[in-house]
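Side chains included, hydrogens not; waters and symmetry mates left out as well; all remaining heavy atoms used.
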Amino acid sequence: GTIGTTPVYIGAAQFAAWKHTQLILDVVEGRGGMFSLDNGTGRRFLVRSRAYGEREIAMLHKADRLRAMQASIDSDTDAFWLAEAHRLDWSVFPTKADESSFGKADFGIRWFADGELNVSVNCLDRHLETRGDQPAIVFEGDEPGEGRTLTYRELHGEVCRFANVLKANGIGKGDRVILYMPMVPEAAIAMLACARIGAVHSVVFGGFSPDSLADRIADCGATLVVTADEGTRGGKRIPLKANVDSALERASGVDTVIVMQRTGGQVSMREGRDIWWEDACADVSGQCPPEAMNAEDPLFILYTSGSTGKPKGVLHTTGGYLLWSTLTYDLLFGPEEGRDVADDLFWCTADVGWITGHTYVVYGPLSNGARTVMFDGVPNYPDPGRLWETSQRLGVTIFYTAPTAIRALMRHGDRWVLQHDLSSIRLLGTVGEPINHEAWEWYHDIVGRGECPIVDTWWQTETGGALIAPVPGATETKPGSATLPLPGVHPELVDGEGHLLTGATEGNLVLTRSWPGQMRTIFGDHDRFFQTYFSTFPGTYFTGDGARRDEDGYYWITGRVDDVINVSGHRMGTAEVENALDEHVLVAEAAVVGMPHDIKGQGIHAFVTLKAGAEGSDALRQELRDLVRSEIGPFATPDVIQFAPDLPKTRSGKIMRRVLRKIAEGQPDQIGDTSTLADPAIVESLIEGARV
Ligand code: ATP
Ligand code: MG
């Protein structure tokens, strides 16, 4: 409730949802009790609890909160995490926090292991009383203005109905359900419906081919698939149901396919297997009791984007993942003192097929009671002003996207942004890759009017939510740096032998302690989990990324460690050289990889795409070489500069450098798995271009 002149009575969990650290610390031992809030004056107000009587509490600014959190986590880590657990509604409150170990002997990741809760209750039921008629999901379709809004109450009803449909089709706790969907509210409804009954969802991005889909169905042993007749993206139709049909010719075990109508396009329905979403939901109750889940019960499996190799089935569980989504959403995107979370309209452009879509389109925002945008279109349809036109029309206040999208839009010039009034936007975010200076400046100056802070969030599918990122209003930013670890995150840099490096330096980025959002295993292959992440530098979680730490302790991600280039003994992250190339006015995007070199050991091969209208020439090659020489030093000068029409990217928009490496090494036959590439045809043209 709102703080009024009459006391309002709220439960401990709602109390914690006020999200002021000081409050949470104070209610920690009063769980289950009732509290009353009286409106105080200014930033202070009275809190009365049955257990502790009356006390005065101050509301804290984010900077104060962050400081308070850090102090409390340092003094008693377990107590801190149990206090933070009050952000969630539990049916059984945990008595233990972190029981994880990275060592081989007692290896395992466990958090809040004796607690019980349900994710859908936390994202829906607990908001009904206070936010029932408030928008939860604001849907924007592929065509501008095509959309609808679902309130928390509507969403709750839809989720319960679909949960009942899943149950009626034999799905129960622990069963795996594949979601191969457009970016429509039904995708979130299906995710939350799985969570409600304890089924484990695995969302497969709608851009994946039937073969990739079949691999994932087989790997996780799914028995039910939810899809749509067709998807629409940039005015084109994507044959989702037909893709499912061909995937199911290869993968067995699926008994039921539920198909929602998105376009009304023609599809074939197989008798006894395929049912329409709309029919199935028609006569179903809008009430569905939530399944009580142990904190360590699986919530979902999600396959990584495959930038470095074969995708891994990353498994996240219930309690820790939800707490990390809830906490990090609040810290990074939540309101300042005196404002409500729903004063903001939050738009994360990621697809729910990626972890960013899980954590910051669905679970984090909904658990906090926020208003979240789901966008089923693409940034350049109908024109490169789409994101800004939509932001203005919907009144978006927080905008979170990937550097690849920023670079792509920058290529078309400023006017597409400047045509629109973006004054509602107060905060910007990025995720997915290091953001080069030029893109950062453009995002900041043109999109953010030079006023909006940029929250550069470093994290991975494996980490569940952001780990290194600035807290707006509390952390000073530096363009291109993800800045500092969030509370409870313990990054270190180690050298090739695993020795801890101190001070301003560069090395392999590891985490020395667990955090609640950490993945628990690779589905079906716990050994691979240990081998992949915990065996390189024993006792630590190895991220696979390299980073530099500056004199202020800020982290600068330099790229994947596998991509580090060693030229005559100079070790360089790919990001540094790419940054320098990106500075040139004609360059849209650059990717560099190492190539064999007789004298230097490795040389540098740069793939460069140019801005619309620009032409590659030897003169431009020379300018680019000079630019890198002056920005970094002569040792970093590219040996080969190949102008390319486009770069090979994963379907989440990341440059797949291992493909470029094989091309640069002259071994295109060894490129390997390219099933997650957005446009495999690019590879041929790059191989061709490398020959001339
Ligand atoms: P795979 O693990 O299958 O190769 P992937 O690593 O691309 O695929 P994700 O989990 O989607 O799959 O991406 C995480 C990686 O993205 C990080 O390890 C890091 O390299 C990069 N990354 C994410 N956010 C940032 C950021 N803000 N700055 C720099 N790099 C980032
Ligand atoms: Mg990875």
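- When only modelled atom types and interatomic distance are considered, Asp456 and Trp440 share no side-chain donor-acceptor pair under 3.5 Å.
- Between Tyr321 and His316, the ring-plane angle classifies as tilted under the 30° and 60° cut-offs.
- Taking 4.0 Å as the cut-off between side-chain N and carboxylate O, Lys611 and Glu438 count as a salt-bridged pair.
- Electrostatic pairing of Asp344 and Arg426 counts as a salt bridge here, judged by a charged N lying under 4.0 Å from a carboxylate O.
- Asp550 and Trp556 share a donor-acceptor pair across their side chains, judged by distance under 3.5 Å alone.
- Side-chain N/O atoms of Lys649 and Thr404 include a donor and acceptor closer than 3.5 Å.
- Between Tyr329 and Phe333, the ring-plane angle classifies as tilted under the 30° and 60° cut-offs.
- Pairs passing the ring-ring contact (aromatic ring centres under 6.0 Å, His included) check and including a residue from residues 592-643, sequence neighbours excluded, read His570-Phe635, His605-Phe607.
- Judged by a 6.0 Å distance limit and a 45° cone about the ring axis, Arg216 is positioned over the six-membered ring of Tyr303.
- Side chains of Asp626 and Gln622: a donor-acceptor N/O pair is present below 3.5 angstrom, by distance only.
- Of the N and O atoms on the side chains of Thr457 and Tyr400, at least one donor lies less than 3.5 Å from an acceptor on the other residue.
- Ring centroid separation for the pair Phe107 and Phe529 comes in under the 6.0 Å cut-off.
- Taking the charged nitrogens against the carboxylate oxygens, Arg407 and Asp582 have no contact shorter than 4.0 Å, which rules out a salt bridge.
- Remark: aromatic rings of Tyr541 and Phe534 are close, center separation under 6.0 Å.
- Between the NE2 atom of His412 and the CE atom of Met410 there is a distance of 11.5 Å, given to the nearest 0.5 Å.
- Other residues, nucleotides and ligands contribute more than 12 heavy atoms inside 6.0 Å of the CZ atom of Arg233.
- Crowding of Gln670 atom CD: a count of heavy atoms from other residues, nucleotides or ligands under 6.0 Å exceeding 12.
- No side-chain donor-acceptor contact under 3.5 Å links Ser481 to the backbone of Lys478.
- In this structure Trp347 satisfies the ring pair (Phe, Tyr, Trp, His ring centres under 6.0 Å) test together with Phe375, Phe399, sequence neighbours excluded.
- Checked by atom type, the side-chain pair Asp421/Ser423 shows a donor-acceptor distance below 3.5 Å.
- To the nearest 0.5 angstrom, Thr475 atom OG1 is 12.0 Å from Ile468 atom CD1.
- Shown here is Arg571, whose CZ atom has no more than 12 heavy atoms of other residues, nucleotides or ligands within 6.0 Å.
- More than 12 heavy atoms of other residues, nucleotides or ligands lie within 6.0 Å of CD in Glu551, so this atom counts as buried by the packing criterion.
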